Structures are given as C-alpha cells and as structure tokens.
Amino acid sequence: MSTHTPQSRPWALKVSGLGRIYGDPSPASLTGTGPEHGTAVSPSTGAVVAAWDVSFEVAPGEALGIIGESGSGKSTVMRCIAGDEAATTGGIALRSVADGTVNLCDLLPSARRRLRLKDIAAVYQDPAAGLNLDVTAGGNIADPLTAVGWRSYDGIRQRAAELLERVEVPLSRMDDLVRTFSGGMRQRVQIAKALANDPPVLLLDEPTTGLDASVAAGVLDLLRGLLEETGVAAVVVSHDFGVIDMLTRRVLVMKHGRVVESGLTDQLLEDPQHPYSQQLVAAARG
Ligand SMILES: Nc1ncnc2c1ncn2[C@@H]1O[C@H](COP(=O)(O)OP(=O)(O)OP(=O)(O)O)[C@@H](O)[C@H]1O
C-alpha cells in the first residue's frame, strides 16, 4: 500500500510565478494594479495585468480549483498552461515531460502543441472549442488517437466506444454528428476526447457553465467520478463555488489578476479570510 498522501505525492503539474500582461510587459505596468488598487489595468501604460505571480502544484489524483469573478484572470492562467497563449513570465512544468525539468514556456509552439496530444488535455466551456461539431462523436474521439499513432480501425472504434460508455453517451450516437447533440451530451463527448490518451493533467475551464442546472449536475457527477477513478491531476476554473466544492480539494481565489487567498476548499468555504473570498462564499450561499 502506498504511504503517499496527495500532499506528499510528487506533483504532476507545477506552475511558478506565472504572469501574463496584455500590452507593455515592462515592470512599470505592474504599478497601480491588483486587488488593493481595484484594477488589473495599469494607470501608466494601459496594459492589462491579467495574471501575476500565480504559483501552485497539483499532484496526481488531485484537483485544484481556481475561482474568481469574470475578468479575475483565471482563464488566462488556464490558457497559459494549456499553451493556447504565451505567458509573459514564469514557469510551467509537467512531471511527464523530462521529469519536470523543462519549462514549457521555453518550448517552440510546435513542441507545445504536441504536448496537447498526450500530456495535457483541456475541456472548455464552449464545446466548439474542443470539438469539431461537424464530425461524429466517434470521429472526434478518434482524432487524438490517430494523432499519437493508433492505426487499427477496429481498435480506434473500440476505444471510442469504451470512452463514450465511460461518459454515459449512448453508443447508438457514436456515428452522429456532434452538432445534433444536446449541450450536456456535447460536453460529455468533449470530456471523452480529452481523456482519450489518458493524459496525466486535465484542465477544465467552466465545464458546466451555460448548461441547465439538472444537466450541469449530471456532468459534474460524471466529472467527479472520473477525477476520482483516473488519478489525473486536474485544474478546474470556475466562477461558481458549487462547482469548485464538488470537484476540488484545494482552491485559489483570484481577483484583478492576483491570487488573494488559497487553501483547502472545504476550509475556505467554511471560513474565508479575504473579504473578496467572503463575498464569493456569501454569494454562493445565496
Ligand atoms: N487578448 C486579450 N487582450 C487584452 N486583454 C485581455 C485579453 N484576454 C483577456 N484579457 C483581459 O485579461 C483579464 C483577465 O481575463 P480572463 O479571461 O483571464 O478572466 P476570467 O477570470 O477568466 O474571466 P471570464 O470568466 O470572463 O473568462 C480581463 O481584464 C480581460 O479583459
């Protein structure tokens, strides 16, 4: 039996001092920004300090939440980790890449894109960002498989069927265009595609925002089960404490591009320290 707790287990994803500035990246842009100034926009340069000095580690089998209201910078952090955009500064390392010794920010865009096949997968709020709606569910899932070298038609079909079963999409829909699917079903296919190559790191950006409450509850249930059973290291970005509470063990609270508080999710929900966290928790309690 392993004696490792999630906390003592080596990280699968490590983010250190991550920053992303839109506009002039010089230090002058930082002055006058952040929660204490009530803005992420530099008064002198007009640059947006979307995220600054963000650091965290996520262990295999652990889920970390990032919460904040619209514009707080949480999606920027996620996009930088995913490689969808370049960080201005900081380090991002995956244990699966050279045992964590490479800063992904130093890789060429082509090398960065390759990591999205096996090492790091993302599920977006908008299914169209992660799926081709004019391709069948099976075809969408086949994409990442063929990209890493799967060649057998039967093998790919079998793997796609296995994944669809796992996300509870009826196999009878495997050959239907994703465009014909409901919102909840599209999200399930997006999750199946993300898991196709068993990535060690999974990023979930507002995975249930925009879905009807009952549909969202079903997708959240599915995600919770998958996070528990796959051992993936997950980062969950959401503005909704309900989602963060359901899926994550630890959480970072972001405001105006900075982390204002972090801790165990249940403790932070029970006893938020920063006034902004208190406000978010009060809003979640309705
Ligand atoms: N391409 C861009 N150019 C300029 N500013 C940007 C760009 N993308 C994001 N921003 C700004 O960066 C800040 C953080 O945006 P981000 O999308 O990370 O926020 P968020 O917390 O994820 O909000 P939301 O939930 O609305 O996506 C915002 O002020 C946003 O306007």
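Sequential numbering from 1 along the given sequence is applied to the chain's residues. Here the structure is a predicted model, which means the values were calculated and not measured. Order of appearance sets the numbers: ligands from 1, and atoms from 1 within every ligand.
What sits closest to atom 27 (O) of ligand 1 on the protein, heavy atoms only, is Ser75 OG, 3.5 Å. Closest protein heavy atom to atom 9 (C) of ligand 1: Tyr22 CE1, 3.5 Å. At the shortest separation from atom 26 (O) of ligand 1 among protein heavy atoms lies Ser70 OG, 2.5 Å. Ranking the protein heavy atoms by distance from atom 25 (O) of ligand 1 puts Lys74 NZ, 2.9 Å first.
Between Arg186 and Asp126, none of the side-chain N atoms (NZ, or NE/NH1/NH2) sits under 4.0 Å from a carboxylate O, so this pair counts as no salt bridge. With respect to Asp198 and Arg159, a salt bridge is recorded, a charged nitrogen being found less than 4.0 Å from a carboxylate O.
Distances between N or O atoms of Val48 and those of ligand 1 include no value under 3.5 Å. Taking only nitrogen or oxygen atoms, main chain and side chain alike, Ala50 does not reach within less than 3.5 Å of ligand 1.
In this structure, Gly71 is part of the shell of residues with a heavy atom less than 4.0 angstrom from ligand 1. Contact between Gly73 and ligand 1 is present, with at least one heavy atom of the residue lying under 4.0 Å from the ligand. For His239, the heavy-atom gap to ligand 1 stays at 4.0 angstrom or more.
Placement of Phe241 and Met254 in two distinct hydrophobic clusters is found when ILVMFWY residues are connected by side-chain heavy-atom separations under 4.5 Å, directly or transitively.
With ligand atoms numbered from 1 in the order given, ligand 1 contributes 21 (O) to contacts under 4.0 Å with heavy atoms of Glu69. Which parts of ligand 1 touch Ser72 is read off a 4.0 Å heavy-atom cut-off, strictly below it: atoms 19 (O), 20 (P), 21 (O). Set against the non-hydrogen atoms of Arg79, the atoms of ligand 1 under 4.0 Å away are 8 (N), 9 (C), 17 (O). The atoms of ligand 1 that sit less than 4.0 Å from any heavy atom of Thr76 are 14 (C), 15 (O), 16 (P), 18 (O).
No cation-pi contact links Arg250 to Phe56, judged by a cut-off of 6.0 Å to the six-membered ring centre and 45° from its axis.
The shortest distance between side-chain heavy atoms of Asp143 and Val135 does not fall below 4.5 Å. At least one side-chain heavy atom of Glu261 sits under 4.5 Å from a side-chain heavy atom of Leu268.
When all heavy atoms of Thr33 and Ala40 are compared, the closest pair comes out as CG2-O, 3.8 Å.
At distances below 3.5 Å, not a single donor-acceptor pair connects side-chain atoms of Asn197 with backbone N or O atoms of Pro199.
Distance remark: protein heavy atom present below 4.0 angstrom from atom 11 (C) of ligand 1. By the definition of a contact as any protein heavy atom under 4.0 Å away, atom 29 (O) of ligand 1 is in contact.
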Worksheet item: Run the salt bridge (charged side-chain N to carboxylate O under 4.0 Å, His left out) check on Arg258 and Asp53 step by step: do they pass?
Response: CA-CA 7 Å; Arg258 312 301 209 277; Asp53 201 19; over 6 Å; no
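With respect to Asp84, the salt bridge (charged side-chain N to carboxylate O under 4.0 Å, His left out) criterion is satisfied by exactly one of Arg20, Arg113, Arg112, Arg116: Arg116.
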